[in-house]
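What follows is a short report on a single structure.
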Amino acid sequence: MNNKFPQTARPANTLSDIAALRRQLDEIERLERENKSGNVRLDQIKNQCDALQKDSVDKLSVTAKKQLHAYEDLEYVTKRTQEINQVMKALNNAESVDLCFLMDCTNSMQRYIEDVKNHIFETVELLKTRFPHLRLRLAFVGYRDLNLPKEKQFSILDFTDENEFHLFVTMVKCEYGADKCEDVLGGLAKVINLSWKQPVRILIHIGDAPSHGQRYHDLLVKHDHYLTYDADGSIGYSYIQEFVQLELKYYFGRLTRHTDKMIEQFCNYTEKQMTIEQIEVNNFTNLLPFIVESVSQSISKTSISLLKKHSFNDANQTQKVDRHRNIIFDETEPIWSGMQTKKLQVIKYVCNDDLRCEEIEQSWNIKIAENPFAEGGMRLAYYGLMQYKGRWEKVVFKEYKHIDSGANTKDKYLQLLDCQTVAEYLAQKFNQLPELSNIKTVVKKIKFIMAKLAFDRSKDGKRRNLTQEKFIEGTYKKFSNNAGFVDYNDPSWTLQAFSHWTYEHTNGDMIVVDLQGIDIGDNQTYLLTDPCIHSTDLKRFGGTNLGTAGMKRFFQTHVCNAICLALKLTPNKYQPALTTTKYDRYFVNQPKTVCQ
């Protein structure tokens, strides 16, 4: 590093005193040897000199240690900042999208082509509101039937911007097909030949008729004039495998049951190397929500994958974490009566008003399953029991999958406790705000499951760290993450307002994000677990703390709602401008006067 630290200050007076005493001591020793002085207190002066020297060395040692710690802290923060910048760059790249529309362009599809044309600008506007770093290229492949002249079989536009795309789609004409099947496979071939290059590649396929060939439909013979087309499936298989190599995210807009067998065949052709998601387009009044949800889902999945890859990295680790435990899952809860009881040492955290946590040591009788029953992005979950006041209570133990050096340290688990304990402290403060009792919007209570750190021993005798928390029955849902993701189908205004409030309550030092859990008590309370906290102190809260860059990502997708308004939360300069879009549940229940 190029940073220069100040040299240690030299305590001149003390050192000069020692030097003078040394000179005096040398002179006394000389005199003593010459027997010219028999009344000199040599031992006393020696002791005084040694004491002064020791005191000076101690002071120099304390100063040096402080400088060393400052250097180590600066080095750690510098590395974390570099890592966060890399994560932000990767997340921004995840919003670089190639989107191709593959559409049946026969007469029955005229309405849907008009939908794409009429809503493309609104779609792009809304997507840019959701994803502030969006770089979108659009392409169009229209296919018709094999009986038409070659010049009329396809309408193709390679990737371009929304203006040229809109102009092109305006000129697309539908043609009459000779039977009830279309040249779908020809359309797939044209898709492959487009100039795909962005990290996120999406194919939206909309059609109401299957491909030619008996393996793709159950229609009567008279409805397919090319019944033997691709009889062995080799053509379709090769095209779908090309999609796999291109890493396309394939969404099919289902309009009729006649395409079901075709999509089933396509899914078989993937050999589970990619997914084809089928969405019922008839559930929407137009194609806008289908398009927006498909693109949003693709970007969000890519971002979440990137976060999982980066979130466990530590600035002190020099090697990439890539080794995992050998895992055998067992979803069946153990028969506890025959299982050994262990007495484990446990650490609990308590948060004070300064948002600093203090350790409390405890010991509990516990039982823990041998194999995990589930896994998350980074950790394994085990069934467990804890004895409390003579009763056994159901708990869950969690440990990191990674087994590399430094990947399962006590400090990493304490970072989880720190994060969860601070989040719970802030949630209780939020629940008690008097302003929340005077608004018409439903404001749910927020509670975080409190975690403890338990110390166990593995079969080979090595120390084993696990978090312990109460087992909660229910379906878990992810409402947001630590990079600006929001579940737009259920954005949870309470949780969005809570995150915004934590930022303001801590004067911009912290923000609680990555909110996930369940609704309990007739949907009146959120019971949450495993949050993340972005903090200006990069030494706290582990690898998921993305600092001020993470705070910025939250606000770039945060739209203030009625709860934010009731709390008089200050709009952030990074928040999106409100749009007049006709479709987005996220914009429901938000005041027109706030965050502008």
Side-chain angles (χ1 to χ4, degrees), residues 81 83-97 124-136 199-200 292-311 377 419 423 477-504 506 508 510-516 528 530-536 538 541-561 564 569-579 581 584-587 590 595:
T81 301
E83 182 185 80
I84 289 170
N85 289 339
Q86 292 174 355
V87 173
M88 291 298 123
K89 183 178 179 180
L91 289 171
N92 292 345
N93 286 337
E95 296 181 18
S96 298
V97 179
V124 173
E125 179 186 13
L126 178 52
L127 286 171
K128 286 182 177 178
T129 301
R130 290 187 174 190
F131 304 103
H133 302 281
L134 182 70
R135 291 175 293 278
L136 181 66
V200 180
V292 169
E293 291 306 316
S294 299
V295 176
S296 297
Q297 188 179 115
S298 297
I299 294 176
S300 297
K301 284 182 177 180
T302 303
S303 298
I304 290 170
S305 177
L306 286 169
L307 289 171
K308 287 179 180 179
K309 177 182 177 182
H310 289 280
S311 61
C419 188
K477 183 174 184 180
K478 196 171 188 69
F479 299 98
S480 63
N481 71 3
N482 64 330
F485 162 78
V486 178
D487 182 352
Y488 294 99
N489 291 318
D490 183 9
S492 174
W493 301 309
T494 300
L495 297 181
Q496 281 286 303
F498 169 67
S499 291
H500 191 166
W501 175 84
T502 60
Y503 176 83
E504 193 149 314
T506 61
M510 298 180 189
I511 187 169
V512 181
V513 292
D514 198 14
L515 303 178
Q516 57 207 313
L528 306 176
D530 296 334
C532 298
I533 295 180
H534 297 317
S535 171
T536 54
L538 293 179
F541 307 124
T544 58
N545 174 12
L546 301 179
T548 55
M551 298 176 187
K552 178 180 177 180
R553 292 282 302 194
F554 168 80
F555 282 111
Q556 284 178 327
T557 60
H558 173 64
V559 177
C560 279
N561 55 57
C564 298
L569 299 181
T570 306
N572 187 277
K573 64 181 180 180
Y574 295 115
Q575 287 183 239
L578 299 184
T579 70
T581 182
D584 198 334
R585 294 181 186 178
Y586 192 32
F587 291 96
Q590 59 85 23
C595 297

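The shortest side-chain heavy-atom distance between L538 and I84 falls under the 4.5 Å cut-off. Side chains of L528 and L495 form a contact here, defined as non-hydrogen atoms less than 4.5 Å apart. For the pair F131 and S296, the minimum side-chain heavy-atom distance is below 4.5 Å. Side-chain contact between T544 and D514 is absent, with no heavy-atom pair separated by less than 4.5 Å. A heavy-atom distance below 4.5 Å is not found between the side chains of I533 and N545. For the pair L569 and W501, the minimum side-chain heavy-atom distance is below 4.5 Å.
When ring centroids are compared, F554 and Y503 stay outside the 6.0 Å threshold.
Side chain of S499 to backbone of Q496: no donor-acceptor contact under 3.5 angstrom is found. Of the possible donor and acceptor atoms, one in the side chain of H500 sits under 3.5 Å from a partner among the backbone N and O of T570. Q575 places a side-chain N or O within donor-acceptor distance of the main-chain N or O of H558, the cut-off being under 3.5 Å. H534 places a side-chain N or O within 3.5 Å of a backbone atom of N482 that can act as its donor or acceptor partner. A donor-acceptor distance shorter than 3.5 angstrom exists from the side chain of T557 to the backbone of G484, with no hydrogens or angles considered. Here the side chain of R553 pairs a donor or acceptor atom with the backbone of A483 at under 3.5 angstrom. Side chain of N572 to main chain of F555: no donor-acceptor pair is present (N/O by atom type, distance under 3.5 Å, no hydrogens or angles).
Across all non-hydrogen atoms, the minimal contact from F479 to Q516 is CD1-CA, 4.2 Å. Scanning all heavy atoms of the two residues, the minimum distance from D487 to K477 falls at OD2-CE, 3.0 Å. The shortest non-hydrogen separation linking V512 to P531 is CG1-CB, 4.2 Å. Minimum heavy-atom separation, N561 to A497: OD1-CB, 4.1 Å. Of all the heavy atoms in G550 and M88, the pair that sits closest is N-CE, 4.5 Å.
Note that the CG atom of N481 and the OG atom of S300 stand 7.5 Å from one another [nearest 0.5 Å]. Taking CZ of F485 as the reference point, atom NZ of K478 lies at 8.0 Å (rounded to 0.5 Å). To the nearest 0.5 Å, atoms CG (L91) and CD1 (I299) are separated by 11.5 Å. Atoms CG and SG, from L515 and C532 in turn, are 9.0 Å apart once rounded to the nearest 0.5 Å. Within the model, atoms CG of L546 and CE of M551 stand 10.0 Å from one another, a figure rounded to the nearest 0.5 Å. Atoms CD and CG, from E95 and N92 in turn, are 6.0 Å apart once rounded to the nearest 0.5 Å.
The local environment of NZ in K128 is sparse, with at most 12 non-hydrogen atoms from other residues, nucleotides or ligands closer than 6.0 Å.
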Exercise for review: Carefully, step by step, assess R130 and V292 under the rule side chain to side chain contact (heavy atoms under 4.5 Å, CB included).
Suggested key: CA-CA 10 Å; R130 290 187 174 190; V292 169; 3.5 Å; yes
